[in-house]
Amino acid sequence: MIPKRVLHLAQLSVVGLAGYYIGLKDKIFENNENTVLLNGKTLKSMPALPIFGTVSAAVPYTDGGHVKDRVSQIMKYGFPGLDNVRSYDDFVLSYDRRNRVPNWVFEHITKEHIMKNDAVDRSKCDFTPDESIHPFFRSQNSDYKGSGFDRGHMAAAGNHRLAQKHVEQTFFLTNMAPQVGEGFNRHAWNRLEKHVRKLTKVYDNVYCCTGPLYLPRKESDGKMYIKYQVIGANTVAVPTHFYKVVVGEASDGSLDMEAYVMPNQKIPDETPVSSYMVPPETIEKAAGLLFFDKIHRSKLNRINGKKV
DNA sequence: TTTGATGT
């Protein structure tokens, strides 16, 4: 099953190259709509420039530097892409305006982030539209209602238990994508999220990038197509798959990487998460993103449990 | 336990 999926991903790279030039043109003519949400405050970035400077070096925002420090910490090993970046208190994401779901969501997780905390109550949280997104591109709760799909967290609520505010921010709809509930979000995908949390028992720091994929499939005419459902008045995309690329940083600074792709469908309970491991490169090609590109290869010990 | 939707 995995080799077939890898084949599909490999065939994507040709499409990806064609898309690159279009993307470049768009970048040049991009208007000044890029904004960054920092600690609930909306900032305007410089027009026609990548958002990177706004969230790393020259942040026109002061609160003692804590927000900037946290973003640098979460994004220590590089931004996968720079489209419509939003920085929340405990995670960072890039929003896909066309599909009304994230491109990627980045988290930095430690033991402390997932500890039991009586001050944090998930049941008090509400799914909330993010008004920093232009209304044309914003998803609403009504899009999901009656669709049959869950509002699935990309940054999991259970990874952000340091403060009530942190867990509440994971309920922004910018952090959601439509997921099959029974057998996927509530089961197999949840098991993968728990597996990532357990990595904090082994590693001091865990860096986790999560997002959707839209993978091509051969249709009945024998040709390859990317086909996905859209839901609601805002036509929110239902991804065909979801990925996680995870890096564990040991106390000596050495790094291990794991990468997973799971189909957005009911998955048998007995399926081990390890059976969804894929080479990280296949996700990068399919998503059009580069994960952890600031990591020195010499520091990377294992990928998917194998020495590199 | 954590992941959610739905009905009163």
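Chain naming here is simple, since letters A, B, ... match the order of the sequence lines and numbering starts at 1 in each. Being a predicted model, the structure only gives us computed values, none of them experimental.
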message = Between B/dT6 and A/K145, counting only base atoms on the nucleotide and side-chain atoms on the residue, is there a donor-acceptor pair under 3.5 Å?
response = no

request  = Tell me whether A/W104 is reachable from A/M257 by hopping between hydrophobic residues (I, L, V, M, F, W, Y) whose side-chain heavy atoms are closer than 4.5 Å.
outcome  = yes

Could you check whether [X] gets within reach of a base, just the sugar-phosphate, or nothing at all, counting any heavy atom under 4.0 Å?
X	result
A/H153	sugar-phosphate
A/G148	nothing
A/E182	nothing
A/D150	sugar-phosphate
A/F184	nothing
A/G158	sugar-phosphate

Using atom [atom1] of [X] as one end and atom [atom2] of [N] as the other, report the distance to the nearest whole Å.
X	N	atom1	atom2	value
A/I114	B/dT2	CD1	P	10 Å
A/F242	B/dG4	CZ	C1'	14 Å
A/R186	B/dT3	CZ	P	12 Å
A/M176	B/dA5	CE	C1'	13 Å
A/N185	B/dT6	CG	P	13 Å
A/M115	B/dT2	CE	P	13 Å
A/D269	B/dT3	CG	P	17 Å
A/H195	B/dT3	NE2	C1'	18 Å

inquiry  = Quick check: on DNA chain B, is the nucleotide nearest A/R151 upstream (toward 5') of the one nearest A/R197, or the reverse? Name the residue that is more 5'.
reply    = A/R197

4.5 Å side-chain heavy-atom contact, [X] and [Y]:
X	Y	value
A/N141	A/P129	yes
A/D83	A/D96	no
A/M115	A/N117	no
A/E107	A/D90	no

ask   = Has A/R122 got a side-chain N or O lying under 4.0 Å from the OP1 or OP2 atom of B/dT2?
value = no

ask   = Of the candidate nucleotides B/dT3, B/dT2, B/dG4, which contains the atom at the shortest distance from the side chain of A/R161?
value = B/dT2

